[in-house]
Colleague: 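Have a look at this one before I ask anything.
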2 protein chains.
Amino acid sequence: MKDIETIISELSSEGFRATKIRTSMIELFLKVKGPASAHEIMSILSKKKVRFNKATIYRELVFLKERGLIQEVRLPHERGMRFEAAHQAHHHHLICVNCKKIADIVLQKELEEQENEIYRSTGFQVLGHTLEFMGLCQGCR
Amino acid sequence: MKDIETIISELSSEGFRATKIRTSMIELFLKVKGPASAHEIMSILSKKKVRFNKATIYRELVFLKERGLIQEVRLPHERGMRFEAAHQAHHHHLICVNCKKIADIVLQKELEEQENEIYRSTGFQVLGHTLEFMGLCQGCR
DNA sequence: CTAGTTGCAAACATTTTGCCACTAG
DNA sequence: CTAGTGGCAAAATGTTTGCAACTAG
């Protein structure tokens with residue numbers, strides 16, 4: 001995601017509006033570390049005294065996703081969806097099983113080797129992957 | 001998962017019962033390839049003329065999971081949970097974005113290298129991971 | 001017999017939809 | 001003004017629970 005002004009002006013030039021909820025949500029995704037759930041988004045907005053209806057939040061998530069500004073993240077053992085700003089470096093998540101904090105991680109060595117092996121052994125052409133690590137963060141060890 | 005007779009006799013010896021639904025579900029998990037959703041399980045049982053109520057299926061899934069016979073699998077972009085027989089070799093899934101088929105894959109080279117790197121660079125101690133590959137299966141390419 | 005199991009209906013959690021009112025540009 | 005947006009309530013999904021009835025061993 002680019003900076004907020006750029007995003008807003010691109011939206012405006014296509015006829016979309018810079019409403020309070022929309023700009024708040026874009027700001028939120030630019031600031032927040034790690035993927036956020038709809039529930040978390042709503043409680044953050046509440047703390048900022050932004051008034052909203054949950055249907056609006058879900059609709060805005062769809063809107064931002066369709067425009068490629070955010071992307072879905074699904075974590076193991078969680079019910080709902082999470083969302084994070086898109087166009088970040090390709091990364092994965094470190095999920096602490098104790099304190100539940102989620103950190104981003106960029107691997108030095110990605111999975112090309114494994115993906116090539118998959119192609120050679122099965123003929124399956126890998127287009128993407130999701131990889132989440134569960135464990136104990138430094139503070140919880 | 002061991003063979004059905006062993007499982008049933010272990011359950012019996014602990015006071016649990018070998019009911020129609022339970023044995024059908026254990027058989028199903030032994031047979032089915034790839035992780036199954038509650039919905040899929042129910043439609044397979046229906047075809048086998050096993051009568052059931054959905055609450056029973058969900059309760060049985062909890063039971064089998066707590067006993068370590070099955071484990072949860074969560075796929076990206078899917079709403080619900082899936083389950084697969086536990087105690088298989090550690091493996092991942094190949095999800096065809098076209099035909100939606102899910103195949104198991106055992107990697108020759110697992111992720112130790114990446115996990116060591118994570119520990120060195122962040123202090124996060126990896127205990128497990130989930131890794132799913134999206135792409136095109138041989139038939140759909 | 002009786003603890004384990006089931007069915008049923010209702011509650012839950014999360015997300016989506018229809019419809020009409022509202023407002024940014 | 002008017003297309004895009006928001007609020008509200010209800011529907012749709014997927015899963016869980018309370019409770020009384022049933023049944024395997």
Side-chain angles (χ1 to χ4, degrees), chain A residues 4-5 7-28 35-46 48-67 69-83, chain B residues 4-5 7-26 35-46 48-67 69-83:
Chain A
I4 182 104
E5 292 80 14
I7 296 170
I8 294 297
S9 78
E10 285 179 4
L11 290 178
S12 298
S13 72
E14 291 174 62
F16 300 109
R17 298 183 191 158
T19 58
K20 183 71 183 149
I21 291 172
R22 176 164 295 159
T23 49
S24 304
M25 283 180 68
I26 295 173
E27 276 173 4
L28 187 157
S37 64
H39 186 82
E40 286 170 357
I41 291 166
M42 292 192 259
S43 84
I44 293 172
L45 292 181
S46 292
K48 291 190 183 179
K49 314 287 183 211
V50 179
R51 292 182 46 56
F52 60 86
N53 177 281
K54 66 181 187 323
T56 306
I57 302 302
Y58 281 107
R59 274 192 284 237
E60 190 61 23
L61 287 170
V62 170
F63 175 84
L64 296 174
K65 187 177 66 174
E66 280 173 350
R67 303 215 85 239
L69 293 168
I70 61 172
Q71 58 200 14
E72 292 180 5
V73 177
R74 199 168 258 295
L75 301 183
H77 309 296
E78 268 201 357
R79 263 178 147 166
M81 251 17 146
R82 284 173 178 270
F83 300 85
Chain B
I4 182 105
E5 291 79 15
I7 295 169
I8 294 297
S9 79
E10 285 177 4
L11 288 179
S12 297
S13 72
E14 291 173 62
F16 299 108
R17 297 185 191 157
T19 59
K20 183 72 183 148
I21 291 173
R22 175 163 295 157
T23 49
S24 304
M25 282 180 69
I26 296 173
S37 64
H39 185 83
E40 286 169 359
I41 291 166
M42 292 191 261
S43 85
I44 293 172
L45 292 182
S46 292
K48 290 191 185 180
K49 315 288 183 209
V50 179
R51 293 182 45 56
F52 60 86
N53 177 280
K54 68 180 188 314
T56 306
I57 302 302
Y58 281 108
R59 276 191 286 237
E60 190 62 23
L61 288 170
V62 170
F63 175 84
L64 296 174
K65 186 176 67 173
E66 281 172 350
R67 302 215 86 239
L69 292 169
I70 61 172
Q71 59 200 16
E72 291 179 7
V73 177
R74 200 169 256 295
L75 301 183
H77 310 296
E78 269 202 356
R79 257 178 148 162
M81 230 66 113
R82 284 175 179 269
F83 300 84

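Convention: sequence-line order gives letters A, B, ...; per-chain numbering from 1. Everything numeric here is computed off the predicted structure, so don't read it as measured data.
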Colleague: So which pairs with a foot in residues 55-66 of chain A pass side-chain hydrogen bond (donor to acceptor under 3.5 Å, both in side chains), sequence neighbours left out?
Modeller: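 Those involving residues 55-66 of chain A are A:R22-A:E60, A:K65-A:E72.
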Colleague: Rounding to an integer number of Å, can you tell me how far A:E40 CD sits from C:dT15 P?
Modeller: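 In whole Å, C:dT15 P lies 11 Å from A:E40 CD.
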Colleague: Could you give the CD-to-P distance, from A:E66 to C:dT15, as a whole number of Å?
Modeller: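 Distance, rounded to whole Å: 16 Å.
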Colleague: Residues of residues 50-58 of chain B with any non-hydrogen atom less than 4.0 angstrom from an atom of DNA chain D: list those, numerically ordered, please.
Modeller: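 Contacting residues: B:K54, B:A55, B:Y58.
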Colleague: Rounded to whole Å, how long is the line connecting atom CD1 of B:I21 with atom P of C:dC8?
Modeller: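 About 11 Å, once rounded to whole Å.
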Colleague: Whole angstrom is fine here: how far is it from CZ in A:F63 over to P in C:dT16?
Modeller: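 Checked: the CZ to P distance equals 16 Å.
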Colleague: Side chain of B:R79: nearest nucleotide among D:dG6, D:dT15, D:dG14?
Modeller: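 The nucleotide sitting nearest to the side chain is D:dG14.
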Colleague: Just checking A:L61: base, sugar-phosphate only, or nothing, at a heavy-atom cut-off of under 4.0 Å?
Modeller: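 Result for A:L61 = nothing.
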Colleague: From B:M81 CE over to B:L61 CG, what is the distance, rounded to the nearest 0.5 angstrom?
Modeller: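 It is 9.5 Å, given to the nearest 0.5 Å.
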Colleague: To the nearest 0.5 Å, what is the distance between CG on A:L11 and CG on A:L69?
Modeller: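 It comes to 6.5 Å.
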Colleague: Could you walk me through whether A:I57 and A:M25 pass the side-chain contact (heavy atoms from CB on, under 4.5 Å) check?
Modeller: CA-CA 9 Å; A:I57 302 302; A:M25 283 180 68; 4.0 Å; yes
Colleague: Atom CE of A:M25 and atom P of D:dT5: how far apart are they, to the nearest Å?
Modeller: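 In whole Å, D:dT5 P lies 13 Å from A:M25 CE.
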Colleague: When the distance from NE2 of A:H39 to P of C:dA13 is rounded to whole Å, what number comes out?
Modeller: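 These atoms are roughly 10 Å apart.
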Colleague: What about A:R59, does its side chain sit under 3.5 Å from the base of C:dG18 through a donor-acceptor pair?
Modeller: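 Yes, the side chain and the base share a sub-3.5 Å donor-acceptor pair.
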Colleague: Can you measure from OG1 (B:T23) to CD1 (B:I7) and round to the nearest 0.5 angstrom?
Modeller: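 Taking OG1 in B:T23 and CD1 in B:I7, the distance rounds to 11.0 Å.
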Colleague: Could you tell me whether B:E78 and A:R74 have a side-chain N and a carboxylate O separated by less than 4.0 Å?
Modeller: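 Between A:R74 and B:E78 there is no salt bridge, as every charged N stays at least 4.0 Å from the carboxylate O atoms.
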Colleague: Please report the interatomic distance OG(B:S43) to NZ(B:K48), rounded to the nearest 0.5 Å.
Modeller: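 That separation rounds to 11.0 Å.
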Colleague: Can you pull out the residues from residues 11-19 of chain A that lie within a 4.0 Å heavy-atom distance of DNA chain C?
Modeller: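 By residue number: A:R17, A:A18.
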Colleague: If you look at every heavy atom in A:F52 and A:M42, which pair is closest and at what distance?
Modeller: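 Heavy atoms only, the tightest pair is CZ-O, 3.4 Å.
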Colleague: In whole angstroms, how far is the P atom of D:dT16 from the NZ atom of B:K65?
Modeller: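 About 7 Å, once rounded to whole Å.
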Colleague: Would you mind reporting whether B:R82 and B:E40 have side-chain heavy atoms less than 4.5 Å apart?
Modeller: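 A side-chain contact exists here, since the closest heavy-atom pair is under 4.5 Å.
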Colleague: When the distance from CD of A:E78 to C1' of D:dG14 is rounded to whole Å, what number comes out?
Modeller: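 Going from A:E78 (CD) to D:dG14 (C1'), I get 16 Å.
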